[in-house]
Amino acid sequence: MDFDAETAGNNPEIEMQFAVKTVEHLEAYEKLICGIPPNKIKFTPIDEELYDNMIEIFPEFKFEDNLKILDEDSMKSSNGKEKWRKFIMPYEKRVTDYNFGTLIRRRSDELYSEENSVLVTRVQFYAIEIARNKAGLNDKVYNQAQAAKNKA
């Protein structure tokens with residue numbers, strides 16, 4: 001049986017599988033940034049390329065304020081979508097699940113929550129989190145987790 005995403009409609013079973021995979025990813029990443037110094041995290045063999053390419057296409061991400069709090073409206077505007085598509089497509093065959101829906105934290109200094117989650121592609125997630133880790137923006141979450149662990 002062939003599956004055609006364009007004509008499939010909203011299959012509740014597929015949506016549930018997507019939701020489960022998305023939540024598993026966010027839980028794994030949250031454990032990672034709470035347990036390992038963020039500047040030591042490596043996502044892919046091409047992290048540096050992802051970072052450099054993102055900064056080339058989105059120079060605004062050179063500035064910590066734009067990484068600290070993501071502007072979802074800008075990212076999902078017509079212009080934003082086109083620029084992100086240009087960034088994402090070269091990784092189609094190079095990054096596993098490159099366009100899989102992935103939740104990213106809107107504010108880098110907070111853990112995931114309903115209000116602090118934005119749906120992006122896996123490649124967007126990697127590039128933004130690589131930049132956040134380089135800038136030390138995930139350190140607050142890590143340090144808070146370590147302090148709580150040391151208290152216990």
Side-chain angles (χ1 to χ4, degrees), residues 5 14-152:
I14 292 172
E15 287 181 6
M16 182 57 72
Q17 290 171 357
F18 168 77
V20 167
K21 189 170 180 179
T22 301
V23 170
E24 286 172 350
H25 181 268
L26 83 80
E27 288 173 344
Y29 185 60
E30 198 163 84
K31 284 180 187 171
L32 195 62
I33 61 170
C34 289
I36 297 173
N39 66 349
K40 303 248 188 270
I41 296 172
K42 187 145 176 64
F43 296 102
T44 74
I46 59 169
D47 281 6
E48 287 303 314
E49 179 185 330
L50 286 168
Y51 173 78
D52 291 342
N53 192 14
M54 182 182 74
I55 296 301
E56 182 180 314
I57 295 173
F58 300 96
E60 62 270 23
F61 284 127
K62 288 180 189 174
F63 304 101
E64 288 184 12
D65 287 347
N66 294 325
L67 288 168
K68 190 180 288 187
I69 302 173
L70 297 179
D71 183 350
E72 183 177 7
D73 293 335
S74 173
M75 291 174 71
K76 296 189 176 182
S77 69
S78 295
N79 185 45
K81 285 181 182 179
E82 187 56 39
K83 284 174 72 176
W84 279 111
R85 192 173 300 110
K86 177 183 172 190
F87 170 76
I88 293 164
M89 291 314 297
Y91 300 105
E92 180 177 12
K93 299 207 183 325
R94 298 178 63 210
V95 175
T96 303
D97 293 333
Y98 79 104
N99 70 344
F100 191 83
T102 305
L103 291 173
I104 193 167
R105 295 165 301 126
R106 189 175 74 77
R107 295 180 55 93
S108 65
D109 60 351
E110 297 175 11
L111 293 174
Y112 284 98
S113 67
E114 189 174 336
E115 300 79 29
N116 198 39
S117 298
V118 176
L119 188 64
V120 297
T121 67
R122 185 66 51 94
V123 171
Q124 285 174 290
F125 169 87
Y126 287 153
I128 292 167
E129 288 299 330
I130 290 164
R132 283 175 164 178
N133 289 341
K134 283 179 171 287
L137 295 174
N138 285 326
D139 291 354
K140 181 177 178 183
V141 169
Y142 170 76
N143 291 333
Q144 288 173 336
Q146 294 304 302
K149 188 168 94 175
N150 292 334
K151 268 188 190 175

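Here the structure is a predicted model, which means the values were calculated and not measured.
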Taken to the nearest 0.5 Å, the spacing of Ile36 CD1 from Lys42 NZ works out to 13.5 Å

Counting only heavy atoms from other residues, nucleotides and ligands, does the tally under 6.0 Å from NZ of Lys93 exceed 12?
no

Just do the side-chain contact (heavy atoms from CB on, under 4.5 Å) check on Phe61 and Leu70 with the steps written out, would you?
CA-CA 10 Å; Phe61 284 127; Leu70 297 179; 4.0 Å; yes

Which heavy atom of Ile33 sits nearest a heavy atom of Tyr142, and at what distance?
O-CB, 3.2 Å

Without swapping roles, check the side chain of Asn116 against the backbone of Arg107 for a donor-acceptor pair under 3.5 Å.
yes

Does Asp47 use its side chain to pair, donor to acceptor, with the backbone of Phe43 at less than 3.5 Å?
yes

For Phe87, check ring-ring contact (aromatic ring centres under 6.0 Å, His included) against everything at least two apart and list the hits.
Trp84, Tyr91

Taking distance alone, no hydrogens or angles, what donor-acceptor pairs closer than 3.5 Å link side-chain atoms of residues 71-79 to residues at least two apart or in another chain?
from: Asp71; atom 1: OD1; to: Asp73; atom 2: N; distance (Å): 3.3
from: Asp71; atom 1: OD1; to: Ser74; atom 2: N; distance (Å): 3.1
from: Glu72; atom 1: OE2; to: Lys76; atom 2: NZ; distance (Å): 3.3
from: Lys76; atom 1: NZ; to: Leu119; atom 2: O; distance (Å): 3.0
from: Ser77; atom 1: OG; to: Ser74; atom 2: O; distance (Å): 2.9
from: Ser77; atom 1: OG; to: Gly80; atom 2: N; distance (Å): 3.0

If you measure from CE on Met89 to OG1 on Thr121, what distance do you get to the nearest 0.5 Å?
10.5 Å

List the atom of Arg122, the atom of Thr96, and the distance in Å for their closest heavy-atom pair.
CG-O, 4.2 Å

Spacing of OG1 belonging to Thr44 relative to CG belonging to Leu50, to within rounding of 0.5 Å
4.5 Å

So how far is it from Lys140 NZ to Asp109 CG, rounded to the nearest 0.5 Å?
4.5 Å

Grab the two heavy atoms, one from Ser117 and one from Tyr112, that are nearest each other, plus how far apart they are.
OG-CD2, 3.6 Å

Mind checking the OG-CD1 spacing from Ser108 to Ile128? Nearest 0.5 Å is all I need.
11.0 Å

Do the non-hydrogen side-chain atoms of Arg94 and Glu49 ever get within less than 4.5 Å of each other?
yes

Least distance between heavy atoms, Pro90 atom then Lys86 atom:
CD-O, 3.2 Å

Could you give the distance from CZ (Phe63) to CD1 (Ile55), rounded to the nearest 0.5 Å?
9.5 Å

Which pairs would a plain distance check flag for residues 129-136, meaning a side-chain donor or acceptor within less than 3.5 Å of a matching protein atom at least two apart in sequence or in another chain?
from: Glu129; atom 1: OE1; to: Tyr29; atom 2: OH; distance (Å): 2.7
from: Glu129; atom 1: OE1; to: Arg105; atom 2: NH2; distance (Å): 3.3
from: Glu129; atom 1: OE1; to: Asn138; atom 2: ND2; distance (Å): 2.8
from: Glu129; atom 1: OE2; to: Arg132; atom 2: NH1; distance (Å): 2.9
from: Arg132; atom 1: NE; to: Leu67; atom 2: O; distance (Å): 2.8
from: Arg132; atom 1: NH1; to: Arg105; atom 2: O; distance (Å): 2.9
from: Arg132; atom 1: NH2; to: Leu67; atom 2: O; distance (Å): 3.0
from: Arg132; atom 1: NH2; to: Arg105; atom 2: O; distance (Å): 2.9
from: Arg132; atom 1: NH2; to: Arg106; atom 2: O; distance (Å): 3.0
from: Asn133; atom 1: OD1; to: Asn138; atom 2: ND2; distance (Å): 2.6
from: Asn133; atom 1: ND2; to: Pro38; atom 2: O; distance (Å): 3.4
from: Asn133; atom 1: ND2; to: Glu129; atom 2: O; distance (Å): 3.3
from: Lys134; atom 1: NZ; to: Glu48; atom 2: OE1; distance (Å): 3.2
from: Lys134; atom 1: NZ; to: Glu48; atom 2: OE2; distance (Å): 2.9

